[in-house]
S.K.: 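Quick one: the structure is below, and I'll ask about it shortly.
Here is how names work: the chains are called A, B, and so on, in the same order as the sequence lines, proteins then strands, and each is numbered from 1.
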2 protein chains.
Amino acid sequence: MALSDAILVCLTERPMSGYDLAKYFDTSIGFFWHATHPQIYRELKKLGQRGHVVSDEEIQSGKPNRIVYCVTDAGRQALLEWSRKPVAPAVIKDDLLVRLQAIEHIDKRALRQQITARLAAHREQLAQYHHIRDVRFSDGEPEPGDLGKLMGLELGMEYENGWINWCKNALARLEPAGD
Amino acid sequence: MALSDAILVCLTERPMSGYDLAKYFDTSIGFFWHATHPQIYRELKKLGQRGHVVSDEEIQSGKPNRIVYCVTDAGRQALLEWSRKPVAPAVIKDDLLVRLQAIEHIDKRALRQQITARLAAHREQLAQYHHIRDVRFSDGEPEPGDLGKLMGLELGMEYENGWINWCKNALARLEPAGD
DNA sequence: TTCGTCATGTAACCGGTTACATGATTAT
DNA sequence: ATAATCATGTAACCGGTTACATGACGAA
């Protein structure tokens, strides 16, 4: 149920095509809710049937036509109602943590490599968040509409920092062992 | 594919029935990989077909019989191979963060309530992690087999602390506005 | 007597992933 | 030539959730 709402959230920003949405889900909102293009096209169809979005075809020559979607008043209402429902608690679902539970039955060298790779990935993600913040929210007080996005970025940074700390600690603990 | 491995991880700890596993997934390993009982029974069947587990029925009177599963050598081998494959990166998937992206189109009072509820939930989870650490890993150096579990708990604590910080910060930012 | 626990499972559904499919344009 | 980008979608599959189903025991 939440993917349709995530799409509505994107479309309040500006009208977008399925293709645009798929790219958007690879960058901004996708940091907190991932979606692939088959999901998006499927969901747009349902949203249209419910009357939460309307589509408008932009004729293009050479390229395929763009079908641009726009939130309706009913869609805006649905968004408001969704925002009042209690949120599902965030759940960790992590392969690496599962492996740790069986530390004596797995390949420890591989584990160290994987933690090292994770550390690099989290550092990169943190750098990306910093970059986005610097180019989009450089000046003092953000506009009210941007506040939420800035807060999202900050959560992302908090999250990545937590992982970075943990990875460094974990490697320090695992390195000394001669295995 | 990872649920079957998570089950194997549990069964390296000790032989368990489907029911036991379902409870186990509600507490220890479930902090990092959730599973419901229909999933578990389904997966145990597949694991049996692959020869990664063997089952043994404990006859009980009054209660239904327990079907206890045990990892085979092939299962242990599968676990080792799984541990060498690169890990899927941890993905955030969070309703609350999605709502933040549309902060001007949602019910802000509800948002504050939800962040307050989150803060409480994360504090509770942190307390639970502390409790588990204190009763299970109170003494100085943990046994090698427990090291991974302790590290898992520490990641959990890092994670919850990050959220707690963020929630406090977010409330401070949202409270002052008269709505 | 009603609820919770022990213990097994199935069925239907929904959501997410991967692969398939098309076809023109532009850059290397 | 080859690959990437623009732009739409479908089909098959797999994984996860919810509800259904049974039935005995013990505690409030």
Side-chain angles (χ1 to χ4, degrees), chain A residues 1-8 10 15-27 29-30 32-50 53 55-69 82 85 88-95 98, chain B residues 1-8 10 15-27 29-30 32-50 53 55-69 82 85 88-95 98:
Chain A
M1 275 288 133
L3 175 58
S4 62
D5 298 298
I7 290 174
L8 288 176
C10 297
M16 281 191 247
S17 70
Y19 187 80
D20 294 337
L21 281 164
K23 279 199 302 180
Y24 202 69
F25 268 94
D26 277 341
T27 56
I29 202 178
F32 314 118
W33 197 280
H34 181 257
T36 57
H37 85 269
Q39 267 180 289
I40 290 166
Y41 285 114
R42 223 207 247 146
E43 207 63 39
L44 281 170
K45 206 191 282 179
K46 285 188 208 164
L47 280 166
Q49 283 163 4
R50 274 182 232 146
V53 298
S55 59
D56 190 32
E57 196 164 358
E58 272 180 23
I59 281 88
Q60 304 192 133
S61 54
K63 300 175 196 176
N65 295 338
R66 279 165 54 79
I67 299 166
V68 177
Y69 293 85
W82 165 70
K85 287 194 297 188
V91 182
I92 306 177
K93 191 165 200 189
D94 198 320
D95 224 325
V98 174
Chain B
M1 274 292 136
L3 175 59
S4 61
D5 298 299
I7 290 174
L8 288 177
C10 297
M16 281 191 246
S17 69
Y19 187 82
D20 293 336
L21 281 164
K23 279 199 300 180
Y24 202 69
F25 268 93
D26 278 339
T27 55
I29 201 177
F32 314 118
W33 197 281
H34 181 255
T36 58
H37 86 268
Q39 267 179 290
I40 290 165
Y41 284 116
R42 225 207 247 147
E43 208 63 40
L44 281 171
K45 206 191 280 177
K46 286 188 207 163
L47 280 166
Q49 283 162 5
R50 272 184 233 145
V53 298
S55 59
D56 190 33
E57 195 163 359
E58 272 180 23
I59 282 87
Q60 303 191 134
S61 53
K63 300 175 196 177
N65 295 339
R66 279 166 54 80
I67 299 166
V68 178
Y69 293 86
W82 164 71
K85 286 195 296 187
V91 183
I92 306 178
K93 192 166 200 188
D94 198 321
D95 226 326
V98 174

S.K.: Got I67(A) and Y41(A) here, is their nearest side-chain heavy-atom distance under 4.5 Å?
M.R.: no
S.K.: Could you check if a side-chain atom of Y69(B) sits within less than 4.5 angstrom of a side-chain atom of D20(B), using non-hydrogen atoms only?
M.R.: no
S.K.: Can you tell me if Y19(A) touches the phosphate of dT8(D), counting only side-chain N or O atoms and a distance under 4.0 Å to OP1 or OP2?
M.R.: no
S.K.: Rounded to whole angstrom units, what separation is found between the CD1 atom of I40(A) and the P atom of dC6(D)?
M.R.: 15 Å
S.K.: In whole Å, I'd like the distance from the CD atom of E57(B) to the P atom of dT8(C).
M.R.: 9 Å
S.K.: How long is the gap from CG on D26(A) to NE2 on H34(A), to the nearest 0.5 Å?
M.R.: 6.0 Å
S.K.: Could you tell me if the side chain of C10(B) sits less than 4.5 Å from the side chain of M16(B), heavy atoms only?
M.R.: yes
S.K.: Heavy atoms under 4.0 Å is the rule here; annotate nucleotides 13-21 of chain C 5' to 3' with B where the base is hit, S where only the sugar-phosphate is, and - elsewhere.
M.R.: --SBBBB--
S.K.: Is there a side-chain contact between S4(A) and R50(A) in this structure, where contact means two heavy atoms from C-beta onward sitting under 4.5 Å apart?
M.R.: yes
S.K.: Output the rounded distance in Å from CG (D26(A)) to C1' (dA4(D)).
M.R.: 15 Å
S.K.: Indicate the atoms forming the closest heavy-atom contact of W82(A) with D5(A), along with that distance.
M.R.: CD1-OD2, 3.2 Å
S.K.: Please name the pair of heavy atoms, one in A22(A) and one in I40(A), separated by the smallest distance, quoted to 0.1 Å.
M.R.: CA-CD1, 3.5 Å
S.K.: Between the two end axes of the helix from dT1(C)-dA28(D) to dT28(C)-dA1(D), each built from 5 base pairs, what angle do you get to the nearest 10°?
M.R.: 40°
S.K.: If you define the side chain from C-beta out and look only at heavy atoms, does anything of L3(B) sit under 4.5 Å from F25(B)?
M.R.: yes
S.K.: Taking the side chain as every heavy atom from C-beta outward, state whether L47(A) and I7(A) have any atom pair closer than 4.5 Å.
M.R.: yes
S.K.: I need the CE-C1' distance between M16(A) and dT8(D), as an integer number of Å.
M.R.: 17 Å
S.K.: Measure from CD1 on I67(B) to C1' on dC6(C) and round the result to the nearest Å.
M.R.: 13 Å
S.K.: Could you give the OH-to-P distance, from Y41(B) to dA11(C), as a whole number of Å?
M.R.: 16 Å
S.K.: Figure out the CZ/P separation between R66(A) and dT25(C), and round it to whole Å.
M.R.: 18 Å
S.K.: Both K45(B) and K23(B) contact DNA chain C. Which one's nearest nucleotide lies toward the 5' end?
M.R.: K23(B)
